[in-house]
Protein chains: 2
Amino acid sequence: MPDPAAATSNLGFAILGLLARRACNGYEVAQRMRQPIGYFWTARHSQIYPELNRLDASGLVEHEVIEGAGPRPTKRYRITETGQAALAAWVVGDLEPQPVRDLEVLRLWSIWTVAPAAAVELVSRLEAAHRSVLDRYLDELAEISGDPGVRDPSNPLFASRITLEGGIRSRRTALEWCAWMRAEFAAAEQRR
Amino acid sequence: MPDPAAATSNLGFAILGLLARRACNGYEVAQRMRQPIGYFWTARHSQIYPELNRLDASGLVEHEVIEGAGPRPTKRYRITETGQAALAAWVVGDLEPQPVRDLEVLRLWSIWTVAPAAAVELVSRLEAAHRSVLDRYLDELAEISGDPGVRDPSNPLFASRITLEGGIRSRRTALEWCAWMRAEFAAAEQRR
DNA sequence: TCCTCATATGTCAATATTGACATATGCCCG
DNA sequence: CGGGCATATGTCAATATTGACATATGAGGA
């Protein structure tokens, strides 16, 4: 018997989470998952359309066809009750330790191979990148904060708020860490 | 003309970073990359052996065969000067924004679909997982801190220290965030 | 002595992900 | 009116990653 929490792939659960909030066509799903701002999984449309078909075949989502512009008809997808149940089961399911795969830290791990000046320059670039993402997170949080739904645990905006808060905290920490690294390089330079 | 910083894949640079620190056979590389503790990329041996062959064919690493036990001879890999140069170029190369792909936050984004009690229980499990990783990072940092090399930017231990520091800061932040989330659920319960 | 585990290197099929190619319409701007 | 862009849905080849299968030896414990 398959694990009930394994009704689909990670990508499938990402899409289900999106459709649980509101019905969308594939293009809208793809738009939402193109940039990870305020969201924590990305995918291209070439992955999304086949996955929507699989979810449809498994009965986790259903669609209605809307005739409109374009070479093919538009399909509006909605999550089913089965899909809702599968999503909820996955959310509280077992946590398998996820592999840490961080390209930024992988670079820093080999930073001893380059000249200190170039290293500090790299850290400054990382810092700028974190700052720009932080700003976008702050904007997104400000946008939803006015809605009273953000304080109701059964409202999607509550979940949006707590994940955004996590993003904001982690980017702030990354910025502090970058400043700390620059200070470490400066201290080493002093000792020379 | 190909980007000089694109001499190999991300996995290839992870392996080069390892071999720049010390010569290893494939098995040792695989051991090191099995768990991400103090390191930030993971891979299985089935990925590593073919990648080592590719790196060897590109001249970024070289190997000597050591006859020993086992069905096949042991190969000891060492980074070449070309490999060192490619690694250093990659370290300071352009930063393409990396996709955020966080399964934990993806779950939390759909946490509004489950009962608050189950949600709080999930947050507590996340918290325990972060705490255990934090403890291992702290142990690793303590192990290397005695070495004077940790303060020299051209020593690999300097890089190990700053990446570990990043891991420690990010896990501490995650723990604070988990406590904050539990408080948010408690506050909502109060208002009910 | 037998069983298990660590050492050591590989292949292979399945799945996941990326990037390019493909197509057709409506809208806006110059 | 022509060109580019957003809308909208797909396929396909290449690469990345996982998990299973395969093999052989030496060391240590039951």
Side-chain angles (χ1 to χ4, degrees), chain A residues 2-3 6-15 23-36 40-58 61 63-77 96-103 106, chain B residues 2-3 6-15 23-36 40-58 61 63-77 96-103 106:
Chain A
D3 184 356
T8 180
S9 61
N10 290 336
L11 173 62
F13 287 118
I15 295 174
C24 286
N25 60 39
Y27 186 77
E28 290 168 326
V29 172
Q31 288 301 308
R32 194 75 179 74
M33 299 195 57
R34 211 169 39 92
Q35 288 291 325
F40 306 89
W41 204 263
T42 54
R44 314 298 171 87
H45 78 274
S46 58
Q47 226 188 331
I48 288 166
Y49 288 113
E51 186 66 36
L52 279 168
N53 282 327
R54 276 191 290 271
L55 291 170
D56 206 340
S58 330
V61 306
H63 74 270
E64 52 172 338
V65 173
I66 300 168
E67 291 298 335
R72 292 184 192 81
T74 294
K75 295 181 194 167
R76 184 160 197 77
Y77 289 93
E96 67 283 22
Q98 47 176 327
V100 178
R101 192 167 269 152
D102 191 324
L103 205 51
L106 186 62
Chain B
D3 182 359
T8 179
S9 61
N10 290 335
L11 173 61
F13 287 118
I15 295 174
C24 286
N25 59 38
Y27 186 77
E28 291 168 325
V29 173
Q31 289 301 307
R32 195 72 179 74
M33 300 195 56
R34 211 167 40 92
Q35 288 292 324
F40 304 89
W41 203 264
T42 55
R44 313 300 170 86
H45 78 273
S46 57
Q47 226 189 329
I48 289 166
Y49 288 113
E51 186 67 36
L52 280 168
N53 283 327
R54 276 191 291 271
L55 290 171
D56 206 341
S58 331
V61 307
H63 74 270
E64 53 173 335
V65 173
I66 298 167
E67 293 298 335
R72 292 186 192 80
T74 294
K75 294 181 195 167
R76 185 159 197 78
Y77 289 92
E96 68 282 23
Q98 49 177 324
V100 178
R101 192 167 267 150
D102 190 325
L103 205 51
L106 187 63

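A, B, ... follow the sequence lines: proteins, then strands. Residue 1 opens every chain.
Atom-to-atom, NE2 of His63(A) to P of dT9(D) comes out at 10 Å; the value is rounded to the nearest Å. Nucleotide dT9(C) holds its P atom 8 Å from the NZ atom of Lys75(B), rounded to whole Å. As rounded to whole Å, 13 Å separates atom P of dT18(D) from atom CG of Leu103(B). Per the geometry, CD1 belonging to Ile48(B) stands 15 Å off C1' belonging to dT11(C), to the nearest Å. With rounding to whole Å, Gln31(A) atom CD is found 8 Å from dA6(D) atom C1'. With rounding to whole Å, Arg44(A) atom CZ is found 18 Å from dT9(D) atom P. The separation between Arg34(B) atom CZ and dT18(D) atom P is 13 Å, rounded to whole Å.
Considering only side-chain atoms of Tyr49(B), the nucleotide from dA6(D), dG10(C), dG19(D) that sits closest is dG10(C).
Atom NE2 of His45(A) sits about 14.0 Å away from atom CE of Met33(A), to the nearest 0.5 Å.
Residues passing the side chain to side chain contact (heavy atoms under 4.5 Å, CB included) test with Val100(B), sequence neighbours excluded: Pro36(A), Phe40(A), Arg171(A). Considering only residues two or more places apart in sequence or on other chains, Tyr77(A) meets the ring-ring contact (aromatic ring centres under 6.0 Å, His included) condition with His63(A). Considering only residues two or more places apart in sequence or on other chains, Arg44(B) meets the side chain to side chain contact (heavy atoms under 4.5 Å, CB included) condition with Ser46(B). Qualifying side chain to side chain contact (heavy atoms under 4.5 Å, CB included) partners for Arg101(B), counting only residues two or more places apart in sequence or in other chains: Trp41(A), Thr42(A). Judged as a side-chain hydrogen bond (donor to acceptor under 3.5 Å, both in side chains), and not counting sequence neighbours, the contacts of Asp102(A) are Gln98(B). In this view, Ser9(B) and Leu11(B), Glu51(B) satisfy the side chain to side chain contact (heavy atoms under 4.5 Å, CB included) rule, not counting sequence neighbours. Scored by the side-chain hydrogen bond (donor to acceptor under 3.5 Å, both in side chains) test, Gln35(B) finds no partners at all (sequence neighbours excluded).
Not a single donor-acceptor contact under 3.5 angstrom links the side-chain atoms of Ser46(A) to the base of dG10(D).
In this structure, Asn25(B) does not reach the dT7(C) phosphate: none of its side-chain N or O atoms is under 4.0 Å from OP1 or OP2. Look at Tyr27(A) and you won't find any side-chain N or O under 4.0 angstrom from OP1 or OP2 of dT9(D).
In this structure, Tyr27(B) and Tyr49(B) approach most closely via the heavy-atom pair N-OH, 3.3 Å.
Toward the 5′ end of DNA chain C lies the nearest nucleotide of Glu28(B), the other residue of the pair His45(A) and Glu28(B) mapping further downstream.
Rounded to 10°, the helix from dT1(C)-dA30(D) to dG30(C)-dC1(D) has 30° between the axis fitted to its first five pairs and the one fitted to its last five.
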Close N or O pairs between protein and nucleotides 14-17 of chain C (under 3.5 Å):
unit_1  : atom_1 : unit_2   : atom_2 : d
dT17(C) : OP2    : Gln47(A) : NE2    : 3.0
dT17(C) : O5'    : Gln47(A) : NE2    : 3.4

